Trainee: 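I'd like to ask you about the structure that follows.
The sequence lines fix the lettering, A, B, ..., with proteins before strands; numbering per chain opens at 1. Everything numeric in this text was worked out from a predicted model, so none of it was measured.
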Amino acid sequence: MAKRIDVSGLDVFYGDFKAVEDVSLTVEPRSVTAFIGPSGCGKSTLLRTLNRMHEVLPGGRVIGKVTLDDEDLYGDDVDPVAVRRIVGMVFQRPNPFPTMSIYDNVAAGLRLNGVKKKALLDDVVERSLKQANLWKEVQDRLRKPGSSLSGGQQQRLCIARAVAVEPAVLLMDEPCSALDPISTLAIEDLVQELKERYTIIIVTHNMQQAARVSDRTAFFTIAGAGKPGRLVEIGDTAEVFSRPTEKATEDYITGRFG
Amino acid sequence: MATATIEAPASGPGSVHSSLHRSARSRKARDRLATLVVLLCLLLAMIPLAWILWTVLSRGAGLLGDAHWWTNSQRGITARRVGGGAYHAIVGTLLMALVTAVISVPIALGTAIYLVEYGRGTFARAVTFMVDVLTGIPSIVAALFVYALWVTTFGFQRVAFAVSLALVLLMIPVVVRSTEEMLRLVPRDLREASYALGVPRWKTIVKVVLPTAFSGIVTGIMLGLARVMGETAPLLILGPYTTSINMNIFHGNMAALPTFINQDRNQALQPALDRVWSAALTLIIIVMVLSLAGRAVSRLGSVKK
């Protein structure tokens, strides 16, 4: 089910402010691509355009093209809600629905889209929690509130919730930045397993993490405050980290700036 | 405090220690003073509240123990006679409050949801402004407005439903305001988490945002109800008092606790005055029971810890 993403000539705006300029890149199915770069370089903004989440913010709009297996995500008759069913997202801070139990959180995507069959939901909840490596820890307390879990467990719950609707692509916006190293490791292992099924893009500030989990790495930067972010280079992670083609990338990954 | 820390190094290495102590001492003193002032303010605010409660309780509790108070009306009871009950007024107050809530809660929730989730630009600002204006309208103005509409323009009788219409004008802004604040407290993260699952916006509002804000919304509705149940001006203008029981909101006079109080207050006779205090206590108890019930309800669907 994993799909290939093509971005070409994409500009991203907040109102009149251009946050990202002229990005073109390709993300292959069943791979992990890391977006790295200094704060404010537009990597999260770009990520949010890939499931049309950017436009829920006032003034959010794009110019350019994003295709998912040759289907234009920004086509005239494309429903953003439908796009988000195919392109799932995991956020920076774990955000389980506070009024729902663990079970209900995982089932939320299907239930809110009209699935009512108990047996089907049971299956999906179990399968998704297993995929998120959380099943063993929560199987005997599925009716407890999602907020009763630890931060790392909550984040895996959010991953389970995202994969429950069987997206083709999973976008992860700094999914470990609010977690301790052990939980981070659990999520990183999970990303390795999930890439068998999904196309994954992960935004991270942690370059070791990018090196550990990703097959390809895209490096973004900005020329200065108020200027749009740009894609500097994208390539195989090993290449980008050992032999970056651009000076800016080398400076960043060796810690000379950013 | 900040200046003391900045000055410390300038006074030489030997005195750093003592200056640190000085600033700690003065901070503690100020802390104690501030705590004292705040406590005094609290006491000052509590005195009238405790006083009112005590006065109403001590003078009004007498009749409440009698079952007749809760089951009988004042029909045929004159000011010089002991007896009768507040049933007619309790029923009237609850009926009018119910009708008011049924009309104003959907309107107020809809307005608040519009303002928080959809409202942008001039129209939303205009709505906010109108709600502000409505908040400041004296109850007698709301009552006279409904009188002009209901009685003068349409030529209808003064009935309980007209009272409820006036109360609606007073309840809507209270509920809009509180609901708006509660909806704004729901983190954007939760809305986005729902969008990211491919859930449309309206369903996100109904299934994620409203349940998360549920307990706060219920509290706001209860506050609004408490406010309108004590309102007297709309009753004086639109809801003439009667000593009998009336359950028809569209026909005839209907009693309410505030008009019951107002009626017997005018009598300089002890049996009537006793009933005034008891009616006041009854109103306080009803509001309290409703708030507690609201809390219980809100706990059912609230954020789980």
Trainee: Provide the closest heavy-atom pair for A193(B) versus R161(A) in the form atom of the first, atom of the second, distance.
Mentor: CB-NH2, 3.3 Å
Trainee: Counting only heavy atoms closer than 4.5 Å, note whether P80(A) contacts chain B via side chain, backbone, both or neither.
Mentor: neither
Trainee: For M89(A) and A196(B), which heavy atoms make the closest approach, and how far apart are they?
Mentor: CB-CB, 3.8 Å
Trainee: Restricting to non-hydrogen atoms, name the atom on P98(A) and the atom on L190(B) that form the minimum distance, rounded to 0.1 Å.
Mentor: CD-CD1, 3.4 Å
Trainee: Among N51(A), L171(A), V83(A), N113(A), who wins on heavy-atom pairs under 4.5 Å with chain B?
Mentor: N113(A)
Trainee: Indicate the atoms forming the closest heavy-atom contact of L112(A) with S194(B), along with that distance.
Mentor: CD1-OG, 4.3 Å
Trainee: I'd like to check F97(A) versus P211(B) (side-chain heavy atoms, cut-off strictly below 4.5 Å). Are they in contact?
Mentor: no
Trainee: Pick one of side chain, backbone, both or neither for L170(A), based on which atoms fall under 4.5 Å of a heavy atom in chain B.
Mentor: neither
Trainee: Which value, rounded to the nearest 0.5 Å, describes the distance between R111(A) atom CZ and K203(B) atom NZ?
Mentor: 12.0 Å
Trainee: Just wondering, do P187(B) and N95(A) contact through their side chains at under 4.5 Å, heavy atoms?
Mentor: no
Trainee: Using the rule given for side chain to side chain contact (heavy atoms under 4.5 Å, CB included), can you reason through D189(B) versus F91(A), listing the C-alpha separation, both sets of side-chain angles and the distance that settles it, and then say yes or no?
Mentor: CA-CA 8 Å; D189(B) 286 14; F91(A) 297 81; 5.9 Å; no
Trainee: Side chains of L110(A) and L197(B): does their closest heavy-atom pair fall under 4.5 Å?
Mentor: no
Trainee: Heavy-atom distances under 4.5 Å only: say whether V87(A) touches chain B with side chain, backbone, both or neither.
Mentor: backbone
Trainee: Have a look at E192(B) and tell me which of R48(A), R93(A), R52(A), R84(A) forms a salt bridge (charged side-chain N to carboxylate O under 4.0 Å, His left out) with it.
Mentor: R48(A)
